[in-house]
**Q** 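Starting off with a structure, shown below.
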Amino acid sequence: MSKLFVPEYPNLKPTFWARNCHIQTLAAFVLGKRQSVRIPSKRIVPLADRDRLVIHDDAARNWITGDRIAILVHGLCGCHHSSYVRRSAIRLRQHGIRTIRVDMRGFGDSALISTGHLHAGCSDDLKNVVDYVHQISPLSKISLVGFSLGANIVLRTLAQWSTGHPECVDSAIAISPPIDLALCSANLRACGNRIYEYYFVKRLKNSLSWRRQRVANLIDNGLNPLPDRLVHFDDQFTAPVNGYSGAREYYSSCSPIDQLKQIQIPTIVVAAQDDPVVPFDMFDQSLFSSQIEFVSTRNGGHLGFLGKPHRDPDRHWLDWRICHWLSGMDAN
C-alpha cells in the first residue's frame, strides 16, 4: 500500500502577533466565526447500540458519484459548526471534495437525539458512520479527518482495522491528537493551562445539565454536583457511563499511543510543538507505523496553525494543507 501523498508545503511562519501558543489557539477559534458554509443535508446515522447521531452531508457543485468524500470528526465540546471543522469543509468543497461533518453523541444536532455521550473510545461510532457513508456512495474513496479528541478516535479506529480495513477508506489525517489521555489530563491541570480545563469542564457541565432536562432515556448515573476538574468529571461521569471503572481505565483503554505502529492506512499526524492542550513530548514516546507521516510545526498552538499567507490565500495554514493533501490523493 502506498503512503498518503504529502506534497511539499510551506513552513508555518506565524505573524508577529501569533507567535504565542495561547494566541494561536484562541485567535483561530475567534477568526473562524465569521465564515459560513451553505446549509448541508442532515442525515441520521443508526449506531450499533441502537443510539443515533447526526451527520451533515455537503457535496461540492462539481462533485459526481465516485468522487472523494472526507469525514470530519470534531474535538471535545465541538460540533459540525466548530470553526476548524467549518473552515475545512469550505476549503474541501472548493476542491471538489464532498464533506461529511459528524456531530458526535451529545453535541451539535446529535445533542437531542443521542442518549449516549462522546468519549475518546467512540471508534465503533466512527465505523458506523463510515459504513453509512459507503452505502450512500459505494464507489467513493473516503478520507478520515479528525481534530483533537476526534483525531484520537480516528487513530484508534485505524489501529483496530490493522487486520483488515474497509477498502473504501484509503487515507486519514489526525490533527493535534491526544494520544496519551492521562498525560493530556495532567497537562490541563498545570497552572498555565487551567483556562482550557475550565472551558472544557464548563461546556461539559452545561451540556449535560441541558440534556438531562430534554433527552428521554439519557444514559446517566445521576452525578450531582458535577465536578469542576476534568479528571474528576472523567472519573465520576464519563468513565462509568461508558462502561469503564474510572478515569485510569478510561484513559488507558482509549489512548492509542501504543497502537500507532499497527496502523495500515496511509495517515498524516499533525502536531504543534507549542500545543498547550496536547503536550508534544508524548509523540517522542510513540512508535509510528511506516504508513504514518508525522508533520510537526514549531508554532500552531492547539488547532490554531495560523501563519503568514505566503503561498496560501489566507493565514489558515492547516486548512490549506488538508485540502492539498487530500486533493493530491486523486491527482496521482
Side-chain angles (χ1 to χ4, degrees), residues 37 39-58 70-86 89 99-136 142 144-157 160 178 181 199-224 226-227 230 233-244 247 250 253-254:
V37 64
I39 300 175
S41 301
K42 292 184 183 180
R43 302 176 185 269
I44 296 178
V45 178
L47 303 176
D49 62 357
R50 299 185 180 181
D51 205 355
R52 301 176 299 170
L53 56 74
V54 175
I55 61 173
H56 300 260
D57 185 356
D58 189 5
I71 297 177
L72 310 182
V73 188
H74 63 77
L76 183 63
C77 300
C79 68
H80 74 284
H81 203 56
S82 294
S83 57
Y84 52 89
V85 175
R86 190 168 64 251
T99 61
I100 303 292
R101 290 178 287 159
V102 184
D103 277 339
M104 300 298 282
R105 301 193 201 206
F107 291 95
D109 289 340
S110 295
L112 290 176
I113 72 165
S114 299
T115 59
H117 308 271
L118 169 64
H119 68 285
C122 288
S123 305
D124 288 342
D125 292 2
L126 180 55
K127 293 174 185 176
N128 290 156
V129 171
V130 169
D131 291 342
Y132 184 92
V133 172
H134 180 56
Q135 292 176 12
I136 294 174
I142 296 174
L144 305 180
V145 183
F147 303 86
S148 194
L149 191 73
N152 186 90
I153 294 171
V154 166
L155 292 176
R156 191 169 184 268
T157 302
Q160 292 175 349
L181 296 168
Y199 169 79
F200 287 133
V201 175
K202 182 179 180 181
R203 290 287 305 274
L204 288 169
K205 290 169 63 174
N206 289 344
S207 174
L208 179 56
S209 298
W210 185 82
R211 294 181 71 214
R212 279 175 166 173
Q213 300 174 23
R214 293 168 175 82
V215 179
N217 302 315
L218 182 72
I219 298 175
D220 195 358
N221 64 357
L223 179 64
N224 188 42
L226 296 173
L230 184 60
F233 190 94
D234 285 341
D235 187 61
Q236 299 170 37
F237 183 80
T238 305
V241 299
N242 288 294
Y244 302 99
Y250 167 51
S253 299
C254 298

**Q** Please list, chain by chain and in numerical order, all residues satisfying side chain to side chain contact (heavy atoms under 4.5 Å, CB included) with Arg50, sequence neighbours excluded.
**A**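 For Arg50 there are no side chain to side chain contact (heavy atoms under 4.5 Å, CB included) partners, ignoring immediate neighbours.
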**Q** How many angstroms lie between CD in Gln236 and CG in Leu226, if you round to the nearest 0.5 Å?
**A**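 If we round to the nearest 0.5 Å, Gln236:CD and Leu226:CG are 9.0 Å apart.
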**Q** Quick one: CG on Leu72 to CD1 on Ile100, what's the gap to the nearest 0.5 Å?
**A**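 Going from CG on Leu72 over to CD1 on Ile100, the span is 8.5 Å.
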**Q** Please tell me if the side chains of Leu118 and Leu149 come closer than 4.5 Å, counting only heavy atoms from C-beta onward.
**A**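 In contact.
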**Q** Give the ring-plane orientation class for His117 versus Phe237, where under 30° counts as parallel, over 60° as perpendicular and anything between as tilted.
**A**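 Perpendicular.
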**Q** What distance separates Asp125 CG from Leu47 CG, expressed to the nearest 0.5 Å?
**A**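 Answer rounded to 0.5 Å: 4.5 Å.
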**Q** Between Leu204 and Cys77, is there a side-chain heavy-atom distance shorter than 4.5 Å?
**A**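 Yes, their side chains come closer than 4.5 Å.
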**Q** Do Val215 and Leu112 come close enough that some side-chain heavy atom pair is under 4.5 Å?
**A**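 Side chain of Val215 against side chain of Leu112, heavy atoms only: contact under 4.5 Å found.
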**Q** Return the CZ to CZ distance between Arg52 and Arg105, rounded to the nearest 0.5 Å.
**A**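 Those atoms lie 11.5 Å apart.
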**Q** A side-chain contact here means heavy atoms from C-beta on lying under 4.5 Å apart; do Arg101 and Ser82 qualify?
**A**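 When only atoms from C-beta onward are counted, Ser82 and Arg101 do not touch, as no gap falls below 4.5 Å.
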**Q** Verify the neighbour count for atom CG of Asn221: are there more than 12 heavy atoms of other residues, nucleotides or ligands below 6.0 Å?
**A**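 Atom CG in Asn221 is packed in, count exceeds 12.
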**Q** Taking all atoms of both residues into account, what is the closest heavy-atom pair of Val45 and Asn128, and its distance?
**A**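 Val45 and Asn128 have their closest heavy atoms at CG1-O, 4.1 Å.
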**Q** Spell out, as yes or no, whether a donor-acceptor pair under 3.5 Å connects the side chain of Asp103 to the backbone of Asp109.
**A**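 Flag set: sc Asp103 to bb Asp109 pair under 3.5 Å.
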**Q** If you define the side chain from C-beta out and look only at heavy atoms, does anything of Thr99 sit under 4.5 Å from Val145?
**A**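 The answer is no, as the side chains (C-beta and beyond) never meet within the 4.5 Å cut-off.
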**Q** Hey, is the main chain of Ala247 close enough, under 3.5 Å, to the side chain of Asp234 for a donor-acceptor pair?
**A**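 Checking the backbone N and O of Ala247 against the side chain of Asp234, no donor-acceptor pair under 3.5 Å is found.
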**Q** What are the two closest heavy atoms between Ser207 and Gly106, and how far apart are they?
**A**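 Looking at all heavy atoms of both residues, the shortest contact is OG-O, 3.7 Å.
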**Q** Would a 4.5 Å heavy-atom cut-off, applied to side chains only, mark Asn242 and Tyr250 as touching?
**A**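 Asn242 vs Tyr250: side chains apart.
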**Q** Quick one: does His74's side chain have a donor or acceptor within less than 3.5 Å of a partner on Met104's backbone?
**A**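 Between the backbone of Met104 and the side chain of His74 there is a qualifying donor-acceptor contact (under 3.5 Å).
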**Q** I need the minimum non-hydrogen distance between Leu144 and Ile142, along with the two atoms involved.
**A**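 Looking at all heavy atoms of both residues, the closest pair is CD2-CG2, 4.1 Å.
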**Q** Quick one: does Leu208's side chain get under 4.5 Å of Phe233's, heavy atoms only?
**A**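 In short, these two side chains touch, coming nearer than 4.5 Å.
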**Q** Looking only at atom types and distance, does a side-chain atom of Thr115 sit under 3.5 Å from a main-chain N or O of Ile219, one as donor and one as acceptor?
**A**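 Checking the backbone N and O of Ile219 against the side chain of Thr115, no donor-acceptor pair under 3.5 Å is found.
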**Q** Say whether, by atom type as modelled, one donor and one acceptor occur between the side chain of Tyr84 and the main chain of Gly75 under 3.5 angstrom.
**A**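 Side chain of Tyr84 to backbone of Gly75: a pair is present.
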**Q** Could you walk me through whether Val54 and Ile113 pass side chain to side chain contact (heavy atoms under 4.5 Å, CB included), step by step?
**A** CA-CA 8 Å; Val54 175; Ile113 72 165; 3.4 Å; yes
**Q** For the atom pair CD1 (Ile136) and CG (Asp131), what is the distance rounded to the nearest 0.5 Å?
**A**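 Reported value, rounded in 0.5 Å steps: 11.5 Å.
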**Q** With rounding to the nearest 0.5 angstrom, report the CG to OG distance, Leu53 to Ser114.
**A**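 Going from CG on Leu53 over to OG on Ser114, the span is 5.5 Å.
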**Q** State whether the side chain of Arg211 and the backbone N or O of Ala111 hold a donor-acceptor pair below 3.5 Å, judged by distance alone.
**A**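 Yes: the side chain of Arg211 pairs with the backbone of Ala111.
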**Q** Has the side chain of Arg43 got a donor or acceptor atom that lies under 3.5 Å from a matching backbone atom of Ile55?
**A**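 No: the side chain of Arg43 does not pair with the backbone of Ile55.
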**Q** Side chains of Leu126 and Ile71: does their closest heavy-atom pair fall under 4.5 Å?
**A**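 Of all side-chain heavy-atom pairs linking Ile71 with Leu126, at least one is under 4.5 Å.
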**Q** What residues form a side chain to side chain contact (heavy atoms under 4.5 Å, CB included) with Asp124, not counting sequence neighbours?
**A**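 Listed in chain order: Lys127.
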**Q** Arg203: what forms a salt bridge (charged side-chain N to carboxylate O under 4.0 Å, His left out) with it, not counting sequence neighbours?
**A**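 For Arg203, no residue satisfies salt bridge (charged side-chain N to carboxylate O under 4.0 Å, His left out) once neighbours in sequence are set aside.
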